[in-house]
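None of the values given here were measured: they were computed from a predicted structure. Counting starts at 1 for both ligands and their atoms, in listed order.
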Amino acid sequence: MSPIDHVTTLQADITHPKTLEKILDIFEGGKADFVCSDGAPDVTGLHDLDEYIQAQLILSALQLATCVLKEGGAFVAKIFRGRDIDLLYSQLGLLFDKVICAKPRSSRGTSLESFIVCLGYQPRAGWNPKLNPNLSTEEFFQEMKIGRPELHDDLSFDAEERKVAPFIACGDLATSYDSDATYTLEKDLQRTSLDPVQMPTAPPYKKALELKRKGELKIIK
Ligand SMILES: C[S@@+](CC[C@H](N)C(=O)[O-])C[C@H]1O[C@@H](n2cnc3c(N)ncnc32)[C@H](O)[C@@H]1O
């Protein structure tokens with residue numbers, strides 16, 4: 001992405017422990033009010049695989065949040081509401097005062113995506129999250145001791161705690177705007193289209209545009 005004034009940008013894989021380390025270095029021990037993850041993989045259409053990869057992005061963002069958020073801070077992440085999403089809600093419910101699943105109007109109704117909104121970060125008592133590049137994300141969270149039922153000596157398990165987060169469809173319900181639809185503009189209104197504030201820096205169609213400019217683009221029918 002293009003540089004933005006007063007914003008530090010990193011181009012890196014958030015699931016790589018070194019990336020979280022670099023972000024924490026930038027904070028120099030300071031704490032954040034808000035951590036937001038809009039990360040999403042290029043979806044394959046295989047829902048189980050897409051949800052798994054998305055879950056890894058959320059876990060990495062949450063790992064960062066537990067290391068850098070102020071007490072009372074907020075965490076928002078894009079999620080795909082798959083089969084086991086209530087487990088994530090219940091895990092987040094143990095770290096935040098309030099967990100809500102929100103679907104803003106700008107998000108297409110046909111898309112599985114929604115956003116988990118977690119308010120009021122409460123560090124888990126007795127757990128001091130420390131990033132260790134030699135530990136996997138799963139190992140990092142294991143120390144928090146949530147999300148896995150405890151196995152007792154008599155081989156019994158504690159029941160897994162599951163919660164359902166309230167679901168909020170955001171926006172004004174008074175209009176019938178549908179983000180899946182396209183709309184024709186009313187002819188009598190004077191409208192001017194605006195150019196994008198910033199053109200994409202490396203769009204996937206860049207090569208096609210260059211070939212088109214040179215008259216070398218071949219369309220195979
Ligand atoms: C929905 S887009 C985010 C769009 C962004 N909010 C914007 O306004 O341009 C999802 C982004 O997540 C990024 N992404 C996917 N996997 C990632 C990973 N492992 N680490 C970092 N970013 C990743 C993709 O490259 C993509 O740019």
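Using a 4.0 Å heavy-atom criterion, the residues that approach ligand 1 are Ala12, Asp13, Ile14, Asp38, Gly39, Ala40, Leu57, Lys78.
By the 30° and 60° cut-offs, the orientation of the rings of Phe75 relative to Phe96 is parallel.
Residue pairs meeting the salt bridge (charged side-chain N to carboxylate O under 4.0 Å, His left out) criterion with at least one partner in residues 39-65, sequence neighbours excluded, are absent.
Annotation: side chain of Ile58 is in contact with side chain of Gln54 (closest heavy-atom distance under 4.5 Å). Counting only heavy atoms from C-beta outward, the side chains of Ile116 and Leu92 approach each other to under 4.5 Å.
By the side-chain hydrogen bond (donor to acceptor under 3.5 Å, both in side chains) test, Ser114 is found to be paired with Arg81, residues two or more places apart in sequence or in another chain being considered. When the side-chain hydrogen bond (donor to acceptor under 3.5 Å, both in side chains) test is applied to Ser2, the partners found at least two apart in sequence or on another chain are Gln198.
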